[in-house]
Amino acid sequence: MFGNITDVPGVKVGHAENKEGITGCTAILVENGAVCGVDVRGSAPGTRETDALDPINEIERVHGICLSGGSAFGLDAATGVMHFLEDQGVGVDARIVKIPIVPSAVLFDLFIGDPRTRPTAEMGYEAAKNAVVGDFANGNTGAGYGATVGKLAGPQFCMKGGLGSTSMTGQDGLVVGAIVAVNAVGDIKDPDTREILVGARNAETAQWIDSCAYLEKHGQSQALAGTNTTIGVIAVNAKLTKAEAKKIAQLTQNALARTIYPVHTMLDGDTIFVLGTGDKTYPVDYIGHLATKVMEEAIVTGVKSADKLGNVESYVSIQST
């Protein structure tokens, strides 16, 4: 593993945050267009333009993806990304105007900041304007700025989530990258050791609550519907159909199942987009396998990179206690 999703040719990333509101958004731009698929696995999603990505529908290519905090209010950020791309002359040519296609997914981050301050179209424009190829910070960045995890036993036991991105190279020039904002109701575990990295934790006793064990004991969650989700994007320099992109998105959800406990709940809106930017074909199962690996690593990177914010502890902060 190395780098981030911008190692995939044709992909740029930019972020914007509001530190008073403890919220932010991330713009993933593919200005030359990319075939896109999506898989929505959680039962409390907040999305925009996902219907257009169904393989039976007309639109073939998108020009960006917006990941945002702010719950449903944060869907406004995608409008700003659209306006930026329109200013660059990017979009579907409708003769009288070019219309950028920018699907979006949001997460709920209103617990730890000002709940009246959410990502706006202006913030989305700023994130798109900031989009470049190269390094960017993981953790408390962009859409992951106000993310939290481990809320199943109640939000008072949560820890800091965050934004993570990684990439890897495969055979015959294939490059696969992932970016994800981790805001799950469940705990995040190391996919190899099953050790809890961040999750429901009693700050007074410094003991893990273990969300799955809590659910088994009590039979229900103390979290609120729609207040959690993990949203992310896979990009590959491969030629994909919309159906293939959707299948790879489905396969990539396995990464969430290997790192988040429990996952895909009634309280999460887990959504994965897949972008194909290239002109060379590869086996779908091969791409899906690598996509799952980079998404696993991106999830772990995101939570391990996050700093304590307000009273919400993080992986980094509890290592020193």
Side-chain angles (χ1 to χ4, degrees), residues 37-48 50-51 53-54 65 67-69 71-72 74 103-109 143-144 147-155 157-159 161-164 178-192 194 196-200 209-234 245-274 288-289 291-303:
V38 66
D39 184 72
V40 180
R41 195 65 58 92
S43 293
T47 58
R48 168 173 165 165
T50 50
D51 281 351
L53 306 182
D54 191 302
I65 302 288
L67 305 179
S68 179
S71 190
S104 178
V106 296
L107 57 79
F108 186 101
D109 57 1
T148 53
V149 300
K151 293 158 279 186
L152 192 138
F157 299 114
C158 76
M159 288 184 65
L163 181 129
I179 189 168
V180 63
V182 187
N183 190 63
V185 72
D187 305 325
I188 312 304
K189 296 185 179 182
D190 184 294
D192 296 321
R194 300 290 181 90
I196 297 177
L197 301 175
V198 289
I209 294 174
D210 191 313
S211 294
C212 288
Y214 181 93
L215 189 59
E216 291 168 15
K217 179 178 180 180
H218 297 278
Q220 62 182 354
S221 168
Q222 299 303 312
L224 300 175
T227 58
N228 321 274
T229 196
T230 297
I231 52 178
V233 180
I234 291 288
K246 182 177 180 66
K247 182 59 182 178
I248 293 165
Q250 291 176 342
L251 293 170
T252 304
Q253 293 278 8
N254 291 330
L256 278 63
R258 294 172 186 170
T259 54
I260 302 171
Y261 295 80
V263 71
H264 303 146
T265 72
M266 298 299 294
L267 308 173
D268 289 292
D270 304 323
T271 301
I272 301 293
F273 299 94
V274 169
H289 173 68
T292 300
K293 288 187 68 174
V294 294
M295 183 57 76
E296 283 181 22
E297 187 65 26
I299 290 168
V300 171
T301 297
V303 299

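Every heavy atom of this structure was used, including side-chain atoms; hydrogens, water molecules and symmetry mates were not. Everything quoted here is computed from the prediction, not taken from an experiment.
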Completion exercise
Residue set satisfying side chain to side chain donor-acceptor pair (under 3.5 Å) with S211, at least two apart, ordered chain then number -> D187

Fill in the blank from the handout: Heavy-atom nearest pair, A298 first then A178, reads CB-CB, 4.1 Å

Completion exercise
The side chain to side chain donor-acceptor pair (under 3.5 Å) partners of D39 (sequence neighbours excluded) come to R41, Q253

Practice task
Take T271 and V38 through the test side-chain contact (heavy atoms from CB on, under 4.5 Å) and record every step on the way to the result.
Solution key: CA-CA 7 Å; T271 301; V38 66; 3.7 Å; yes

Practice task
Look at the side chain of K151 and the backbone N and O of C158, then say whether any donor-acceptor pair between them is shorter than 3.5 Å.
Solution key: no

Problem - E296 CD to I260 CD1 distance, which is reported to the nearest 0.5 Å - result: 10.5 Å

Problem - Gap separating the CG atom of D109 from the CG atom of N228, nearest 0.5 angstrom - result: 11.5 Å

Exercise for the section: Might you work through the side-chain contact (heavy atoms from CB on, under 4.5 Å) test for I272 and T230, ending with a clear yes or no? Expected result: CA-CA 8 Å; I272 301 293; T230 297; 5.7 Å; no

Practice task
Check for a donor-acceptor pair, side chain of D54 on one end and backbone N or O of D51 on the other, with a separation under 3.5 Å.
Solution key: no

Exercise for the section: State whether the side chain of K247 and the backbone N or O of G288 hold a donor-acceptor pair below 3.5 Å, judged by distance alone. Expected result: no

Problem - Check: T148 main-chain N/O paired with N183 side-chain donor or acceptor under 3.5 Å - result: yes

Handout entry: Residue of the set I299, V263, D190, T292 for which side-chain contact (heavy atoms from CB on, under 4.5 Å) holds with R258
Key = T292

Exercise for the section: For residues V294 and I234, determine if any side-chain heavy atom of one lies less than 4.5 Å from a side-chain heavy atom of the other. Expected result: yes

Problem - Any donor-acceptor N/O pair, S221 side chain to A153 backbone, under 3.5 Å - result: no

Problem - Residue list, ring-ring contact (aromatic ring centres under 6.0 Å, His included) with Y214, at least two apart or on another chain - result: H218

Exercise for the section: Using the side-chain contact (heavy atoms from CB on, under 4.5 Å) rule, take I231 and V106 through it: C-alpha gap first, then chi angles, then the decisive distance, then the call. Expected result: CA-CA 7 Å; I231 52 178; V106 296; 5.5 Å; no

Exercise for the section: Could you tell me the separation between the CG atom of L215 and the CG atom of L152, rounded to the nearest 0.5 Å? Expected result: 5.5 Å

Exercise for the section: Quick one: closest heavy-atom pair of P45 and V40, and the distance? Expected result: CB-CG1, 3.6 Å

Exercise for the section: May I ask you to decide if L67's main-chain N or O and S104's side chain share a donor-acceptor pair within less than 3.5 Å? Expected result: no

Handout entry: Working for side-chain contact (heavy atoms from CB on, under 4.5 Å), residues L53 and F273
Key = CA-CA 9 Å; L53 306 182; F273 299 94; 3.9 Å; yes

Handout entry: Heavy-atom donor-acceptor pair, T47 side chain to T50 backbone, under 3.5 Å
Key = no

Handout entry: From CD (Q222) to CD1 (I209), nearest 0.5 Å
Key = 10.5 Å

Fill in the blank from the handout: Rounded to the nearest 0.5 Å, the OG1 atom of T259 sits from the CE atom of M295 at a distance of 9.5 Å

Handout entry: T229 side chain to D270 backbone, donor-acceptor under 3.5 Å
Key = yes

Practice task
List the atom of G74, the atom of S68, and the distance in Å for their closest heavy-atom pair.
Solution key: O-OG, 3.3 Å

Completion exercise
CD1 (I179) and OG1 (T301) are apart, to the nearest 0.5 Å, by 11.5 Å

